[in-house]
Amino acid sequence: MDSLRIEATSCSPLIDFDGTAGALRIEGESYPENSFDFYAPVFTWLEDFLKDPAPAVVLDIGLSYLNTSSIKCLIDVLEMLDTAHGAGRDVAVRWHYDRDNDRALDMAEEFKEDVTLPFDILAR
């Protein structure tokens, strides 16, 4: 499967999905003008990727800021992965946050509560 790479901007995160390795990364800040348009190719790619048997999937998230619509989009991504996990796919999330940012830790913990897949919260 082809990879998906969307470079970060001042208001949107880096998206780096390597389908061959099962390594998915979202990093930066996420407050694009239209989050649903920005994340549309992410949903499409992830939906196609999860149809085929593939290696273990690890999503590394390093988001320092998300606006409300980006939070909804990220919930949708996590739900897709959680559904795949529930169907037997080997899926995990590693959420990286700045140890000096208590709000980022709180947000990660809230996301973790909404899924059943393995979800590590890692300070940096």
Revision key, fill the gap. Value for CZ (R25) from CG (D18), rounded to nearest 0.5 Å, stands at 10.5 Å

Practice item. Have a look at H96 and tell me which of L63, I121, D60 forms a side chain to side chain contact (heavy atoms under 4.5 Å, CB included) with it. Key: D60

Check your understanding: Just checking, is any N or O donor in the side chain of N101 or D98 under 3.5 Å from an acceptor N or O on the other one?
Key -> no

Check your understanding: Which pair of heavy atoms, one from E29 and one from S64, lies closest together, and at what distance?
Key -> CG-OG, 3.2 Å

Revision key, fill the gap. Rounded to the nearest 0.5 Å, the NZ atom of K72 sits from the OG atom of S35 at a distance of 12.0 Å

Review point. With hydrophobic residues grouped by side-chain heavy-atom distances under 4.5 Å, do Y97 and V58 end up in a single group?
Key: no

Review point. Are any of the side-chain heavy atoms of M80 and D76 separated by less than 4.5 Å?
Key: no

Practice item. Decide yes or no for V115 and L81: does some side-chain heavy atom of the first lie under 4.5 Å from some side-chain heavy atom of the second? Key: no

**Study point:** Side chains of P13 and E27 in contact at under 4.5 Å (non-hydrogen atoms)
**Key:** no

Point to revise | M107 CE to E110 CD distance, which is reported to the nearest 0.5 Å | key: 8.0 Å

Check your understanding: Could you give the distance from CD (E109) to CG (D102), rounded to the nearest 0.5 Å?
Key -> 9.5 Å

Review point. So do the side chains of D114 and D82 get within less than 4.5 Å of each other, counting heavy atoms only?
Key: no

Exercise for review: Go through the steps for L74 and Y39 under the test side chain to side chain contact (heavy atoms under 4.5 Å, CB included), then give the verdict.
Suggested key: CA-CA 9 Å; L74 193 55; Y39 282 96; 5.7 Å; no

Review point. Does some side-chain heavy atom of T9 sit less than 4.5 Å from a side-chain heavy atom of F38?
Key: no

**Study point:** Considering all heavy atoms, the nearest A84-V91 contact
**Key:** CB-CG2, 4.3 Å

Practice item. State, with a plain yes or no, whether a side-chain heavy atom of P41 is found less than 4.5 Å away from one of I6. Key: yes

**Study point:** Side-chain ion pair, R103 and D106, N-O less than 4.0 Å
**Key:** no

Practice item. Give the cluster check for V57 versus F43: same hydrophobic cluster or not, with ILVMFWY residues linked at side-chain heavy-atom distances below 4.5 Å. Key: yes

Review point. Can you find a pair of side-chain heavy atoms, one from R5 and one from L14, that are under 4.5 Å apart?
Key: yes

Check your understanding: If you measure from CG on L78 to NE2 on H85, what distance do you get to the nearest 0.5 Å?
Key -> 12.5 Å

Practice item. Report the C-alpha distance between L50 and T83 in whole Å, list the side-chain angles of each, state the deciding distance to 0.1 Å, and finish with yes or no for side chain to side chain contact (heavy atoms under 4.5 Å, CB included). Key: CA-CA 10 Å; L50 292 173; T83 298; over 6 Å; no

Exercise for review: Flag the pair Y65 / Y31 as yes when their ring centroid distance falls below 6.0 Å, and as no otherwise.
Suggested key: yes

Practice item. State plainly whether one hydrophobic cluster holds both V93 and F111, where clusters connect Ile, Leu, Val, Met, Phe, Trp and Tyr through side-chain heavy atoms under 4.5 angstrom apart. Key: yes

Point to revise | Reported CH2-to-CG distance for the pair W95 and L59, which is rounded to 0.5 angstrom | key: 9.0 Å

**Study point:** F17 side chain near I26 side chain, heavy-atom distance below 4.5 Å
**Key:** yes

Practice item. Kindly say whether S30 contributes a backbone atom to a donor-acceptor pair with the side chain of S70 at under 3.5 angstrom? Key: yes

Exercise for review: Indicate the atoms forming the closest heavy-atom contact of S3 with W45, along with that distance.
Suggested key: C-NE1, 3.9 Å

